[in-house]
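Beneath this line is the structure, given in structure tokens, with notes to follow.
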Amino acid sequence: MLKTEQRNSNTTHIDKMTALEMAEVMQKENVNAALAVEAALPDIAKAIDEVSKRMENKGRLFYIGCGTSGRLGVLDASECPPTYGVSPDLVVGIIAGGDKALRNAVEKIEDNYDSGKSDLAAYSITKNDSVVGISVAGGASYVVGALEYAKSRGALTVSLSCNENSRISQISDISIITDTGAEVVTGSTRMKAGTAHKMVLNMLSTGVMIKLGRVYENYMVHIKPVNAKLKDRMIRIVSEIAGVDKEQAELMLEANSWVIVDAIEKGTPK
């Protein structure tokens, strides 16, 4: 039996616990999720390096998965454009069942190998692209189909699972395994398994964007002024990097179409 499907001996009577006891045992398992990610850091770093190399050659990064795994991929992909000022086409999240599956369970599609293959094929995958297949159990046929298609196109394949020797880890160039073990509620892998995978995806996309120069020191210097909060953040960033007050920083941004890098390099017209 897969570890993620086993019964957790620490929670066999969780239905009799107080709310505080429930929260405490869940938090202990959250810590275990973080420790599982720590053990996978060498493979995460390898993925960051290899994905970055391909993106430098105009490659793209794809996440593909079913259910919670697919939603996590779509979430990470959707946050890259506002955070790093990149095109929505650079990091793409694909979920089995399409956008409907973001809000509604579409369970049977997980077993459809051909759908995984065709959903990814729609993007005309090349050897410069990278495809991350996400499956907690590691055997979702939809994800297997996508990864095997990606390999046939010469793309980098990365698997993200929570179980050793899974199908997707066997066919991928890089295998990231976060061994989170049994869940608080048996088989509910949206919990610590999902938490671990969210952490890994955060590291992967952030690391890649840093290596691509989308971060200066630890500042997001390519964000867009799409709302008041981000405008204020941009003003603070320019103020701190350029060593000017906020009023001057805002003038610098206004003079350079609210592009942080240009504002710092060009300042305000004389």
Side-chain angles (χ1 to χ4, degrees), residues 1-8 29 32-48 50-51 61-77 93-97 101 105-117 119-120 130-152 155-205:
M1 183 186 294
L2 297 173
K3 285 187 178 181
T4 49
E5 294 295 324
Q6 293 175 359
R7 195 178 185 198
N8 191 321
E29 296 299 339
N32 289 333
L35 293 174
V37 172
E38 184 173 347
L41 290 179
D43 292 316
I44 296 169
K46 186 186 300 183
I48 290 171
E50 293 301 322
V51 172
L61 171 60
F62 291 87
Y63 297 130
I64 189 161
C66 313
T68 298
S69 296
R71 294 183 190 101
L72 290 172
V74 171
L75 173 61
D76 195 79
I94 303 171
I95 182 171
V106 184
E107 302 292 354
K108 290 185 179 180
I109 195 72
E110 178 174 329
D111 300 325
N112 196 319
Y113 177 99
D114 290 334
S115 289
K117 179 179 177 179
D119 284 356
L120 190 60
S130 303
V131 178
V132 180
I134 312 168
S135 170
V136 169
S141 294
Y142 178 89
V143 179
V144 172
L147 288 173
E148 291 192 337
Y149 170 75
K151 284 188 78 70
S152 76
L156 174 74
T157 53
V158 180
S159 62
L160 178 54
S161 66
C162 288
N163 291 282
E164 298 279 355
N165 301 315
S166 70
R167 179 71 179 119
I168 63 171
S169 67
Q170 291 169 2
I171 63 177
S172 297
D173 299 311
I174 300 172
S175 175
I176 301 172
I177 301 169
T178 53
D179 184 3
T180 51
E183 292 286 358
V184 167
V185 176
T186 307
S188 182
T189 53
R190 74 179 186 88
M191 300 185 75
K192 65 176 174 178
T195 297
H197 283 181
K198 178 66 168 70
M199 295 170 71
V200 171
L201 296 176
N202 282 347
M203 290 180 181
L204 180 56
S205 59

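Atoms considered below: every heavy atom in the structure, side chains included; atoms not considered: hydrogens, waters and symmetry mates.
- With sequence neighbours left out, Arg71 forms a salt bridge (Lys or Arg N to Asp or Glu O under 4.0 Å) with no residue at all.
- Side-chain polar atoms of Ser141 and Asp111 form no donor-acceptor pair below 3.5 angstrom.
- From Thr68, atom OG1 reaches atom CG of Leu72 across 6.5 Å, with rounding to the nearest 0.5 Å.
- When every heavy atom of Ala182 is checked against every heavy atom of Asn8, the shortest pair comes out as O-ND2, 3.2 Å.
- Ser135 and Val143 make their closest contact through CB-CG2, 4.4 Å (heavy atoms, listed as atom of the first residue, atom of the second, distance).
- Here Ile176 contributes atom CD1 and Leu41 contributes atom CG; the two are 10.0 Å apart, rounded to the nearest 0.5 Å.
- Heavy atoms only, all atoms of each residue included: Ile168 and Ser161 are closest at CD1-CB, 4.0 Å.
- Between the CE atom in Met1 and the CZ atom in Arg7 there is a gap of 11.0 Å [rounded to 0.5 Å].
- The minimum heavy-atom distance linking Asp43 with Ile174 is given by the pair O-CG2, 3.8 Å.
- How far CG of Leu160 is from CG of Leu201: 5.5 Å, rounded to the nearest 0.5 Å.
- In terms of heavy atoms, Ser159 sits closest to Ser169 at OG-CA, 3.3 Å.
- Summarising the geometry of Ile177 relative to Ala40, their closest heavy-atom pair is O-CB, 3.6 Å, with the distance given to 0.1 Å.
- Glu50 pairs by the salt bridge (Lys or Arg N to Asp or Glu O under 4.0 Å) definition with Lys53, Arg54, not counting sequence neighbours.
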Show your working on side-chain contact (heavy atoms from CB on, under 4.5 Å) between Met191 and Thr180 and close with a plain yes or no. CA-CA 10 Å; Met191 300 185 75; Thr180 51; over 6 Å; no
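- Contact check for Leu147 versus Arg167: no side-chain heavy atoms found under the 4.5 Å cut-off.
- Note that CG of Asn32 and CG of Asp179 are 10.0 Å apart. Values are rounded to the nearest 0.5 Å.
- With sequence neighbours excluded, no residue satisfies salt bridge (Lys or Arg N to Asp or Glu O under 4.0 Å) with Asp119.
- With sequence neighbours excluded, no residue forms a ring pair (Phe, Tyr, Trp, His ring centres under 6.0 Å) with Tyr63.
- From Ile44, atom CD1 reaches atom CG of Leu204 across 8.5 Å, with rounding to the nearest 0.5 Å.
- Among residues two or more places apart in sequence or in another chain, the side chain to side chain donor-acceptor pair (under 3.5 Å) test is passed with Ser172 by none.
- Put simply, the side chain of Asp173 gets close to the backbone of Thr157: a donor and an acceptor are under 3.5 Å apart.
- The environment of Lys46 atom NZ is sparse: at most 12 non-hydrogen atoms of other residues, nucleotides or ligands sit within 6.0 angstrom.
- In the displayed structure, Gln170 atom CD is contacted under 6.0 Å by more than 12 heavy atoms of other residues, nucleotides or ligands.
- Within the structure, side-chain hydrogen bond (donor to acceptor under 3.5 Å, both in side chains) pairs that include any residue of residues 182-196 comprise Glu29-Lys192 (at least two apart or interchain).
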